[in-house]
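Have a look at the structure below before the remarks.
On a predicted model such as this, the values are computed, not experimentally measured, just so you know.
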Amino acid sequence: MKEGSESFNFIEQIVEQDLAAGMPKEQLRFRFPPEPNGYLHIGHAASICLNFGLGERYNAPVNLRFDDTNPSKEEQEYVDAIKRDIEWLGFKWATECYSSDYFQQLYDWAVQLIKDGKAYVDKQSAEAMAEQKGTPTSPGVESPHRNQSVEENLDLFERMKAGEFEPGTHILRAKIDMASPNMLMRDPLLYRIVKKAHHRTGNDWCIYPMYDYTHGQSDYLESISHSICTLEFKSHRELYDWFLDQIADPNNLRPKQREFARRNLSYTVMSKRKLLELVQTKTVAGWDDPRMPTISGLRRRGYTPDSIRKFSEASGITKRDSVTDVALLEYCIREDLNKNATRVMGVLDPVKLVITNYPEGKTEMLVADNNPEIEGSGTHEVPFSGELYIEKEDFKESAGSKFFRLSIGKEVRLKNAYIIKGESVVKDEKGNITEIHCTCDLDSRSGSGTEASERKVKGTLHWVSIPHAVKAEIREYDRLFLDEAPDSHADKNFMEFVNPNSLNIIKEAYVEPFLQNAKLDDKFQFQRLGYFTLDKEASNDHLIFNKTVGLKDSWAKQQPKADQAKSNQPAAQQNQNQQQRSAINEIQKISKKYTNLSGDKLATARASIMNLAEGVEYEELQPLFNTAAKKVGTRIGVMISLGVLLKKGLIRNSEIDAFIEAGLQDKDEMLVEEAKRINLE
RNA sequence: UGCCCGAUGGUGUAAUUGGCAACACGUCUGUUUUUGGUACAGAAGAGUCUAGGUUCGAGACCUAGUCGGGCAACCA
């Protein structure tokens, strides 16, 4: 829950305004209304956190309402998954509701609309009606059935309900305005015939209400005070209100629809239709594939409820469309797991390390902290021996001083164990390293308190003792799409951007025996590698870990830079350019606040600009002549710099004259003064 | 050619409702470190889409424009 001092998002502001206008706090009631036709995703989490967050903040009930008006798409499986996900996120709904609970009431109201002359049964084809609807720029024409008698409409609607007609032959429409600039007001559909069993009402009905006719009324029936949905429903608001005008009792609470922007995440897609396509095309293994942005996918991947709630809060609620960087999501999960994950060791890409001076056949149990971030989190034992696995990339035969890992002749610390020194390597006939031989400082055991154990060495490696190693499968995931916004291209289908290497399975990784007892939902940090969690497919004799997210890796970031430095021959020249650029930039920076300065500070600023202007070319200064009129400070800075250049011998031209003239005409006195000064000199 | 939204550092959001543009992520420096993680300290990066207007004062208000999004499913 938020602190009182934090700012309100615009939805919270609306609630605050309603409260300030006299709405009793007890009347506040919210709802989260998923359609059970797919799994919840991280975008829904925004809505869930918003609605349930509002409920927590104002101590108001929040209903979970399944918007189940279309039996051809909806299934019980989805209802169950949605409930599981919301509970997992840590939210409690007040009442579990279904739009289908209101079918009878909705039907009765429809009959009333017909009696009031505000609805009619149309028998035209979908195509004919679409044509009559017109376009956003031209009005529609009225249906030939629009003015049928009430009796005929009542009879037809009754027979629709009785199952006398086939799907597509008859529908019930509201009679509103075929010329409305809002397409949704052009006699929208209220009921259609669907001869399919409904997951809750079975075969009781063969006519089903449309979303627009259902949603507002459901809100009304549940006394929802604020009905929050996404932006694409903005134009539905007029219809939402029209229906309430027809049926609502003014003595009852009238729900209010408000809209916010959907959340998009970079490098993924968010629509249920597209996620379904990924599932159906077997691009992913299912709705809960750890690469999916679904709540269940993220959970299986190792995300925690806290991290997702934190992410939702950090992303905010607005009305503008945007793409949130996955880096923020990853930050949220790292932050949580850093604090809470148990530290262990595992080697993903093993190479054998032999300690030549360690007593042959000896084994000892060493002590490892469970979590250095939590005081009192305890320790566990790690077996050590003379033959270990270490990570292949942690060894180089010879390396520069920036490589803090193992190489011949160099010392590193084995985490929780000894300091070792690289001595030699054994290679196969192809030249691949098969064994690394090293010696070990037997006095340097971690925690032994000896002087040697306190020695500082540059690097620390993780390891696993070969005789004790437990084999495990590791699944590493990369972004599912190679494009930042895969569904934003008009000319390309999002499926074209699927990353072919989004899943990397390591069959033979080795982990410390402590992990033999890992349970589902346990969170681990494989030290120096990342965060891992047991996958649901794992068994006692076949451990499978999902990599949730890697640790931040500033070493990996350095690598490309090192390569770059080598290839960058004209580095000096580039440096010079940068300096030149920074002179003009520096002038701009000082100028920005120029008009806020006075006295000594002003004089200093002016002197600095003049000084910097010595190193500026006319070509750099000229574009700034177009600086917007209101950016007076920048124009003053440019004027001063121009004075310096002219003094140095720059020839006046028409551009310069125009800029000075404009300065003389300006209403800012400082600017006028600078312009005059140039003319005097 | 209509109607409705929106536009603030690279990204996502703030700005106490008209008073020196802030926070987070990301990036870059440094310190600490038995995780090249964490923590800590610091830096760079925006004149708030453009042009006018109102005002002592505009990111905010007004007008016009530009750009982006939504609106013509028997989907929700």
Original post:
Across the strands shown, which category fits A:Lys456 at heavy-atom distances under 4.0 angstrom: base, sugar-phosphate, nothing?
Top reply: sugar-phosphate
Subject >> Donor-acceptor pair present, A:Glu330 side chain and B:rG26 base, under 3.5 Å >> reply: no
Subject >> Residue list, side chain to side chain contact (heavy atoms under 4.5 Å, CB included) with A:Lys396, at least two apart or on another chain >> reply: A:Ala399, A:Phe403
Subject >> Presence of donor-acceptor pair under 3.5 Å, side chain of A:Arg413 and base of B:rU34 >> reply: yes
Subject >> Residue A:Lys319, side-chain atoms from C-beta onward, closest of B:rG12, B:rC5, B:rG2 >> reply: B:rC5
Original post:
What distance, rounded to whole Å, do you find between the two C1' atoms, one in B:rA72 and one in B:rC3?
Top reply: 12 Å
**OP:** For A:Phe403, report the nucleic acid contact type (base, sugar-phosphate, nothing); a contact means any heavy atom under 4.0 Å.
**Re:** base
Subject >> Inter-nucleotide C1' distance (B:rA43, B:rU66), Å rounded >> reply: 35 Å
Original post:
Using 4.0 Å as the upper bound for N to carboxylate O, is an ion pair formed by A:Arg455 and A:Glu411?
Top reply: yes
Subject >> Inter-nucleotide C1' distance (B:rG65, B:rC74), Å rounded >> reply: 41 Å
Subject >> Pairing string, 5' to 3', for RNA chain B - Watson-Crick or wobble contacts under 3.5 Å, brackets [ ] where pairs cross, | to another strand >> reply: .((((((..((((.....[..)))).(((((.......))))).....(((((..]....))))))))))).....
Original post:
Can you find a donor-acceptor pair, distance only, under 3.5 Å between A:Arg334 side chain and B:rG37 base?
Top reply: no
Identify the pairs formed between an N or O of the protein and an N or O of nucleotides 15-18 of chain B at a distance under 3.5 Å, and give each distance.
{"residue": "B:rU17", "atom": "O4", "partner": "A:Gln13", "partner atom": "OE1", "Å": "3.2"}

Subject >> Residue whose closest nucleotide on RNA chain B lies nearer the 5' end, A:Asp325 versus A:Lys234 >> reply: A:Lys234
**OP:** Using a strict 4.0 Å threshold on nitrogen-to-oxygen distance, state whether A:Asp336 and A:Lys523 make a salt bridge.
**Re:** no
Subject >> Results of salt bridge (Lys or Arg N to Asp or Glu O under 4.0 Å) for A:Asp18 - residues two or more places apart only >> reply: A:Lys256
**OP:** Using a strict 4.0 Å threshold on nitrogen-to-oxygen distance, state whether A:Glu277 and A:Arg273 make a salt bridge.
**Re:** yes
Original post:
Quantified in whole Å, what is the P atom distance between nucleotide B:rA58 and nucleotide B:rG18?
Top reply: 13 Å
Original post:
Which nucleotides of nucleotides 71-76 of chain B have their base under 4.0 Å from a protein heavy atom (B), which only their sugar-phosphate (S), and which neither (-), written as one string 5' to 3'?
Top reply: SB-BSB
Subject >> Nearest atoms (heavy-atom pairs only) where A:Asp441 meets A:Tyr418 >> reply: O-CD2, 3.5 Å
**OP:** Would you please say whether a donor-acceptor pair under 3.5 Å links the side chains of A:Ser143 and A:Asp122?
**Re:** yes
Original post:
Do any N or O atoms from the side chain of A:Gln13 and from the backbone of A:Phe8 form a donor-acceptor pair under 3.5 angstrom?
Top reply: yes
Subject >> Pairwise P distance for B:rG53 and B:rU11, with rounding to whole Å >> reply: 31 Å
Original post:
Does the A:Arg334 side chain pair with the main chain of A:Gly550, one donor and one acceptor, at a distance under 3.5 Å?
Top reply: yes
Original post:
Is the ring centre of A:Tyr303 less than 6.0 Å from the ring centre of A:Phe311?
Top reply: no
**OP:** To the nearest Å, give me how far apart CG (A:Asp487) and P (B:rG70) are.
**Re:** 11 Å
Original post:
Who pairs with A:Thr318 by side chain to side chain contact (heavy atoms under 4.5 Å, CB included), at least two apart in sequence or on another chain?
Top reply: A:Arg320
**OP:** Verify side chain to side chain donor-acceptor pair (under 3.5 Å) between A:Asp68 and A:Ser100, making sure each step is shown before the conclusion.
**Re:** CA-CA 6 Å; A:Asp68 56 350; A:Ser100 52; 2.7 Å; yes
**OP:** Pick the P atom in B:rA7 and in B:rC61, then give their distance to the nearest Å.
**Re:** 10 Å
